[in-house]
Amino acid sequence: MLNEILRRRTFAIISHPDAGKTTLTEKCLLYSGQIAEAGAVRGRKTTRAVTSDWMELEKERGISINSTALTFEYRKCLLNLLDTPGHQDFSEDTYRTLAAADSAVMVLDSANGVETQTRKLFKVCAARKIPVITFINKMDRLGKTPLDLLQEIQKELGITPIPLNWPIGLGDEFTGVYDRVTSNVLLFSPTVGGSLQVPTRVVPLDKVADFLPADLASRIVEEVELLEIAGEQFLQEKFLVGEHTPVFFGSAANNYGIEPFLNAFIDLAPTPGPRPGKNGLVPIDRPEFAGQVFKIQANLNLRHRDRVAFVRVCAGQFDSEQDLTVARTEERLRTKGSHRLFAQDREEVQSAYAGDVIGISFTKGVRLGDTLYCGEKVEFVGLPQFSPECFASVRCQDNARRKQLAEGLQQLADEGAVQLFRAPDNPQELILAAVGVLQFEVVKYRLSTEYGVQAEIVALEYKAGGWIGAPKSTLANVRLLPSTKIVYDIQNRPVILATDPFTIRYMRNKEASLKISPFSDHLFAPTD
Ligand code: G4P
């Protein structure tokens with residue numbers, strides 16, 4: 001079992017939209033032999049809407065809403081790539097997916113460097129101490145210089161970038177990379193349309209002049225010399241705690257630099273490690289299975305109310321024959337099969353090991369962040385909860401569908417698609433909270449297609465909130481400001497909403513007895 005676990009690398013790609021995440025993913029599959037020719041993943045991206053109506057929304061908006069988990073083998077290692085949606089309104093989903101990863105690959109566009117979404121996602125990795133490996137893409141375009149890019153990473157993200165390879169030429173001249181570990185130059189030859197693996201010639205640095213134009217050859221020798229003299233040494237232990245990020249250069253579109261990147265990646269990226277449980281670290285080689293639900297998705301088949309829980313196996317070995325228990329309720333989970341996922345295709349999974357991601361079908365009884373286990377009880381600490389900044393009230397005109405509305409919203413809240421609050425004086429008044437407004441559209445769409453409810457979602461003026469730590473009885477003695485409102489979350493905890501974060505801070509100081517802890521303080525805090 002341990003051998004199986006130690007050959008796993010579970011990671012996510014973080015990037016700003018258009019930096020080349022999809023292209024890099026596809027090229028990783030190409031080099032792993034999972035697909036024979038590039039184009040398959042992109043093909044799926046455009047055809048998969050056919051399989052589900054709900055994906056229509058995704059297609060219409062030209063964005064990727066659903067995270068996908070991909071599994072592929074490379075040089076005896078098993079790589080689990082957790083793909084994450086790029087659109088900023090779905091960053092909450094992305095953040096949770098990162099909680100299931102052991103490392104992250106940060107893809108930068110050489111022309112744009114560190115962009116907004118990269119910065120946000122990097123912050124999550126840094127807060128969770130997820131080691132980050134950098135791939136600077138689109139070196140075939142004349143972008144910023146490698147040195148400028150390295151400086152930008154250092155300055156913007158506060159992490160020390162250590163190039164483990166170095167580009168040979170920029171823009172049209174980009175023909176290879178110098179591998180600092182082996183001191184060899186790897187020269188690539190183009191293939192038509194970048195659909196096949198590129199032929200690579202390995203040349204020692206002192207012979208590079210035989211293969212490159214004289215000025216390019218002397219430039220690369222000089223640059224390498226400078227790197228060796230002035231550059232900091234890469235240290236694996238600093239990488240593992242988020243102080244160093246190894247940097248690789250390439251062009252995913254042309255397959256340049258993919259193979260050196262993958263080879264280094266499997267050596268550098270950490271194997272699954274012990275994860276924090278409520279009673280201390282849970283070792284990966286615990287004999288029985290334990291895993292955590294990091295995403296729940298409505299099943300594509302609308303006739304059956306099935307859901308898929310995406311579970312990160314955190315310890316032991318999963319076996320599809322075993323009975324699973326939900327730690328929160330201590331109830332046995334009635335599952336309807338388990339799958340390994342390849343893009344949108346599913347394949348029955350018989351067994352899986354720590355580091356793997358599996359999809360478990362179920363009807364009810366699972367909430368986001370839940371621990372599933374066999375044998376001795378174990379419970380992992382909750383997933384990070386994010387600070388909602390958009391609030392809306394939700395109603396349905398048709399009184400006869402109220403029950404379905406409540407059921408649908410409860411389900412969507414369990415999935416983490418939105419947060420749901422109830423007003424104490426009027427239980428019919430339901431309030432939704434999300435990180436981005438696009439999530440409300442998804443809710444509206446899903447309520448209509450899955451629950452037959454035509455919901456009216458109206459934006460509210462609230463922009464911030466906080467949990468109230470004091471007992472409910474304290475609330476009666478407090479004078480609230482008109483710009484605030486008290487509501488209850490799905491765990492029946494009192495919450496204060498306000499039209500701006502300042503009011504929350506003001507109330508926290510003025511009414512200390514309420515013990516308000518602002519949502520924003522919980523950005524990376526566990527839900528429990
Ligand atoms: P994303 O998932 O991060 O959003 O990015 P994606 O891979 O979809 O790439 C965004 C665009 O950048 C695509 O172009 C893609 O072909 C291009 N691209 C990716 N890698 C490279 C590279 O190494 N060099 C260059 N020059 N371009 C690259 P598009 O025009 O939006 O799509 P398409 O017409 O190529 O399919």
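Remember, predicted model here, so these are calculated numbers, not experimental data. Numbering of ligands and ligand atoms starts at 1, following listing order.
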(request) Heavy-atom distances under 4.0 Å are what count here, so tell me which part of Asp18 touches ligand 1: side chain, backbone, both or neither. (result) both

(request) Salt-bridge test for Lys138 and Asp18: reply yes if a basic N is under 4.0 Å from a carboxylate O, no otherwise. (result) no

(message) Taking 4.0 Å as the limit for heavy-atom contacts, which would you say applies to Thr23 with ligand 1: side chain only, backbone only, both, or neither?
(response) both

(request) Identify the residue among Arg446, Arg367, Lys295 that makes a side chain to side chain donor-acceptor pair (under 3.5 Å) with Glu415. (result) Arg446

(request) Inspect the surroundings of CD in Glu228 and state if more than 12 heavy atoms from other residues, nucleotides or ligands are less than 6.0 Å away. (result) yes

(message) Are any of the N/O atoms on Met139, whether in the backbone or the side chain, positioned under 3.5 angstrom from an N/O atom of ligand 1?
(response) no

(request) For Leu186 and Phe188, run side-chain contact (heavy atoms from CB on, under 4.5 Å): C-alpha distance rounded to whole Å, both residues' side-chain angles, the deciding distance at 0.1 Å, then the answer. (result) CA-CA 6 Å; Leu186 312 177; Phe188 310 121; 4.1 Å; yes

(message) Pairs of nitrogen or oxygen atoms closer than 3.5 Å, one from Pro17 and one from ligand 1: do any exist?
(response) no

(request) Using a cut-off of 6.0 Å, state whether more than 12 heavy atoms not belonging to Arg75 lie near its atom CZ. (result) yes

(message) Any salt bridge linking Arg219 with Glu223? Criterion: basic side-chain nitrogen under 4.0 Å from a carboxylate oxygen.
(response) no

(message) Quick test of your reading of the structure: of Lys27, Lys138, Lys21, whose heavy atom lies closest to atom 28 (C) of ligand 1?
(response) Lys138

(message) Which of the numbered atoms in ligand 1 are under 4.0 angstrom from any heavy atom belonging to Arg141?
(response) 26 (N), 27 (N)

(message) Heavy atoms only, cut-off 4.0 Å: how does Ala253 contact ligand 1, side chain, backbone, both, or neither?
(response) both

(request) Report, in ascending order of atom number, the atoms of ligand 1 lying under 4.0 Å from any heavy atom of Ser251. (result) 22 (C), 23 (O), 24 (N)

